[in-house]
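Labels below follow one simple rule: chain letters A, B, ... track the order of the sequence lines, proteins then strands, and each chain is numbered from 1.
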Protein chains: 2
Amino acid sequence: MNIKAVPPHITDAEWEVMRVVWANKHVTSKEVILILESKMNWKQTTVKTLLGRLVEKGVLDTEQDGRKYIYKTKFEEMVFIKDYANNLFQRICKKDIGHVIEDIIKEQTLSFNDIKKIEETLMNKKELAISEVDCQCISGQCECSLHQHGEKPKSAG
Amino acid sequence: MNIKAVPPHITDAEWEVMRVVWANKHVTSKEVILILESKMNWKQTTVKTLLGRLVEKGVLDTEQDGRKYIYKTKFEEMVFIKDYANNLFQRICKKDIGHVIEDIIKEQTLSFNDIKKIEETLMNKKELAISEVDCQCISGQCECSLHQHGEKPKSAG
DNA sequence: AAGTATCGTTTACAAGCGTAAACTTTAATC
DNA sequence: GATTAAAGTTTACGCTTGTAAACGATACTT
């Protein structure tokens with residue numbers, strides 16, 4: 001019964017470090033320091049602090065190798081990405097999700113192949129589609145309650 | 001030359017308050033307090049503090065009405081949603097954006113109509129599609145640099 | 001063996017955030 | 001006009017985050 005584990009929360013600075021860990025199967029602090037030094041302009045100890053916090057939080061595992069550590073992630077990047085995305089969709093009225101997805105598509109750069117893949121995903125999604133998404137906001141936190149039939153008001157002028 | 005203004009950063013707690021402001025054209029602190037009291041279990045002053053900080057940050061405008069204020073937003077909800085979404089896409093390799101969008105679609109609940117709209121958006125997007133998205137990561141922060149032709153490695157086993 | 005370069009660990013410290021008590025002002029009521 | 005209730009303002013306080021300096025332990029060098 002694989003409970004979909006919500007990963008620990010990581011901060012922006014920690015995310016930068018994690019990208020290095022994800023891109024390389026395993027890393028040492030030195031490697032992370034070198035990779036991030038120009039992008040982030042961090043002192044060495046800053047990276048070390050962040051690695052330490054990530055270990056504390058249970059995001060990274062360490063394996064000793066002489067006097068140094070090899071750091072490995074315990075969570076795939078996608079877990080954090082999904083968490084971040086879910087976080088966004090939890091802040092909005094469920095009825096608006098489709099609209100937000102449209103907006104994302106308009107905003108981001110996509111290749112022909114990306115589009116093809118998304119189209120396929122959408123085709124499959126039709127099987128699971130419903131006729132109307134249920135707004136799950138509390139009254140007063142979205143506009144749905146202000147009118148009858150679930151549709152959001154277009155121009156409440 | 002409408003510069004796309006990045007809105008001030010608002011915190012999670014502030015976002016809860018903003019949802020009330022967005023849902024109602026304008027609100028008083030009392031209204032916000034009433035609307036959020038059961039969901040958030042906040043004391044009255046907590047809401048007042050948050051409203052105060054939002055005004056400080058320039059997210060809300062006030063208009064005095066006797067001894068009380070009428071609060072109005074200076075930014076539409078969509079501005080913050082877009083900002084949040086962009087924030088996500090800035091943390092990942094550009095080549096993965098399509099994949100993440102697919103994932104979002106799989107994960108979220110959508111109506112037939114949502115799907116239809118997204119399909120239309122995708123159709124239009126084809127005009128702007130490119131043959132290959134350029135990874136904009138620095139070397140060491142994504143896997144693209146580990147091989148030749150832009151395609152991400154499937155299973156680097 | 002002594003010196004030095006490298007790792008990791010501890011401590012630091014200001015700003016931001018969640019959450020609220022205490023205080024002040026002002027409008028409404030008796 | 002004095003009292004009270006309702007708004008806003010000030011102060012608070014512990015935790016998190018970004019960013020590091022200082023310190024201690026250890027491995028390589030001479």
> Between B/Asp103 (side chain) and B/Val100 (backbone), is there a donor-acceptor pair under 3.5 Å?
Replying inline: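 A pair under 3.5 Å: no.
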> Are the side chain of B/Lys125 and the backbone N or O of A/Lys106 linked by a donor-acceptor pair below 3.5 Å?
Replying inline: yes
Would you kindly give the [atom1]-to-[atom2] distance between [X] and [N], to the nearest whole Å?
X: B/Asp65; N: D/dG8; atom1: CG; atom2: P; result: 10 Å
X: B/Leu51; N: D/dT10; atom1: CG; atom2: C1'; result: 16 Å
X: A/Leu54; N: D/dG18; atom1: CG; atom2: C1'; result: 13 Å
X: B/Gln44; N: D/dA7; atom1: CD; atom2: C1'; result: 10 Å
X: B/Asp12; N: C/dG16; atom1: CG; atom2: P; result: 16 Å
X: B/Glu16; N: C/dG18; atom1: CD; atom2: P; result: 10 Å
X: B/Glu56; N: C/dC17; atom1: CD; atom2: P; result: 11 Å
X: B/Lys48; N: C/dC23; atom1: NZ; atom2: P; result: 15 Å

>> Show the nearest heavy-atom pair for residues B/Glu143 and A/Ala23, with the distance to one decimal.
In response: CG-O, 3.6 Å
>> Looking at B/Arg19 and B/Glu77, is there a salt bridge between them, counting it only when a charged N and a carboxylate O are closer than 4.0 Å?
In response: no
Ignoring hydrogens and geometry beyond distance, is the side chain of [X] in donor-acceptor contact with the base of [N] at under 3.5 Å?
X: B/Ser29; N: D/dA7; value: no
X: B/Arg67; N: C/dT25; value: no
X: A/Arg53; N: D/dT19; value: yes

[X] side chain N/O closer than 4.0 Å to the phosphate oxygens (OP1, OP2) of [N]?
X: A/Tyr71; N: C/dC7; result: no
X: A/Thr46; N: D/dG18; result: no
X: A/His9; N: D/dT16; result: no
X: A/Tyr69; N: D/dT26; result: no

Residue [X], side-chain atoms from C-beta onward, closest of [options]:
X: B/Lys43; options: C/dA20, C/dT10, C/dT9; result: C/dA20
X: A/Lys30; options: C/dC7, D/dA7, D/dA22; result: C/dC7
X: A/Thr45; options: C/dA20, D/dT17, C/dT9; result: C/dT9

> Should the ring pair A/Phe80 and A/Trp22 be called parallel, tilted or perpendicular, given that the plane angle runs from 0 to 90° and is split at 30 and 60?
Replying inline: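 A/Phe80 and A/Trp22: tilted rings.
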>> Tell me whether the count of non-hydrogen atoms from other residues, nucleotides or ligands lying under 6.0 Å of NZ in B/Lys117 goes above 12.
In response: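 Open: at most 12 neighbouring heavy atoms sit under 6.0 Å from NZ of B/Lys117.
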Heavy atoms only, 4.0 Å cut-off, all strands: where does [X] land among base, sugar-phosphate and nothing?
X: B/Thr11; result: sugar-phosphate
X: B/Lys68; result: sugar-phosphate
X: B/Thr28; result: nothing

>> Both A/Leu50 and B/Ile70 contact DNA chain D. Which one's nearest nucleotide lies toward the 5' end?
In response: B/Ile70
